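Below is one structure; the comments refer to it alone.
What you see below is based on every heavy atom in this structure, not just the backbone, and it leaves out hydrogens, waters and symmetry mates. The structure presented is a predicted model; accordingly, all values stated were derived computationally and were not measured.
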Amino acid sequence: MRQKRNSYTRLILAATLCGATLLASFAMSMAANQREKYWVVLHPIAAGTQLEASDLGLQSVVLGSSEGNYLPANSNPIGSITRRQLSSGELLGGNSITAQSSALVNQQVSISVRSVDIPAQLRVGEVVSIFQLHDAQNGEAAGTTQHVLGGVFVTALDRKGSNFGGEAALTVSINRELIPELLDATTSGRLVVVRAHG
């Protein structure tokens, strides 16, 4: 009788331990797969740009051990300056922005460029160089091609008005100190956009 009671006690103890193990495993799995909301980039953003509310959104993700590298929903990155170029859909990392205001903050400027002088496959988020070209006129020798700016980040491109060789509107993000240099180049000759990667 005592042997049966001991066997029964061992069976209950084993079942309890097995149940506790399963419950602990389930709890750990739930904790590991818990979704949290983090800031995500909605469109390509140039380095040195001040973030606005329209640049970012929130997304629920499971990050596990890397969660400390990204900004959670309870932080506020609006107004921060980007340290590097950010891609669309990228989670916003804490080391990608700085809260410090800087004299090197980029600003957007729109210029008109002939459609034939913009690469056909150019897309928003690419980095380009801009050159100034003076065509030969009335038998005069053509002027030397001038490099205007390099490392220029494309934020928008409107080709709607470019039918039949017309003009296209190109919006770029550049250091605000370089804006006068770019605008001066638009006053004579024509601008040619060159992709950084072919």
Side-chain angles (χ1 to χ4, degrees), residues 25-113 118-130 147-160 168-183 185 191 193-198:
S25 175
F26 177 74
M28 288 172 60
S29 176
M30 288 294 288
N33 291 319
Q34 189 173 3
R35 289 183 168 270
E36 298 287 341
K37 287 190 175 182
Y38 291 87
W39 289 103
V40 65
V41 180
L42 297 179
H43 55 83
I45 301 173
T49 303
Q50 188 170 36
L51 292 176
E52 300 177 358
S54 59
D55 297 327
L56 304 172
L58 290 171
Q59 184 173 337
S60 294
V61 293
V62 177
L63 293 180
S65 61
S66 62
E67 64 182 8
N69 298 331
Y70 302 99
L71 293 180
N74 60 5
S75 63
N76 183 12
I78 307 303
S80 300
I81 309 300
T82 57
R83 293 180 186 268
R84 62 175 180 82
Q85 179 178 325
L86 302 176
S87 302
S88 179
E90 176 181 347
L91 288 175
L92 187 62
N95 60 357
S96 300
I97 58 173
T98 175
Q100 299 175 356
S101 181
S102 168
L104 299 177
V105 172
N106 284 14
Q107 293 182 330
Q108 293 184 16
V109 60
S110 184
I111 55 175
S112 181
V113 182
I118 301 175
Q121 302 302 316
L122 185 67
R123 298 287 180 263
V124 170
E126 290 193 61
V127 175
V128 298
S129 293
I130 298 177
H147 179 263
V148 180
L149 291 174
V152 177
F153 186 88
V154 177
T155 60
L157 176 58
D158 183 3
R159 296 181 186 266
K160 291 178 183 174
L170 178 69
T171 304
V172 295
S173 177
I174 59 174
N175 183 317
R176 60 185 172 200
E177 294 179 359
L178 299 175
I179 290 177
E181 190 173 334
L182 176 60
L183 295 179
L191 297 181
V193 179
V194 178
R195 293 176 81 185
H197 302 288

Using a 4.5 Å cut-off on heavy atoms from C-beta on, say whether the side chain of [Y] contacts that of [X].
{"X": "L86", "Y": "R84", "value": "yes"}
{"X": "S96", "Y": "R83", "value": "no"}
{"X": "S87", "Y": "V41", "value": "no"}
{"X": "I130", "Y": "I111", "value": "yes"}
{"X": "R159", "Y": "L122", "value": "yes"}
{"X": "L182", "Y": "V172", "value": "yes"}
{"X": "H147", "Y": "S129", "value": "yes"}

Between L42 and L56 the two heavy atoms that sit nearest each other are CD1-O, 3.3 Å
After noting the C-alpha distance and the side-chain angles of I174 and E181, does the key distance pass the side chain to side chain contact (heavy atoms under 4.5 Å, CB included) rule? CA-CA 11 Å; I174 59 174; E181 190 173 334; over 6 Å; no
Do side-chain atoms of T49 reach the backbone of N106 as a donor and acceptor pair under 3.5 angstrom? no
Side chain to side chain contact (heavy atoms under 4.5 Å, CB included) assessment of Q107 paired with I179: CA-CA 8 Å; Q107 293 182 330; I179 290 177; 3.8 Å; yes
Going through the checks in order, is the side chain to side chain contact (heavy atoms under 4.5 Å, CB included) test met by L58 and Y38? CA-CA 5 Å; L58 290 171; Y38 291 87; over 6 Å; no
Kindly indicate, with the supporting measurements, whether the criterion side chain to side chain contact (heavy atoms under 4.5 Å, CB included) is fulfilled by L191 and L170. CA-CA 11 Å; L191 297 181; L170 178 69; over 6 Å; no
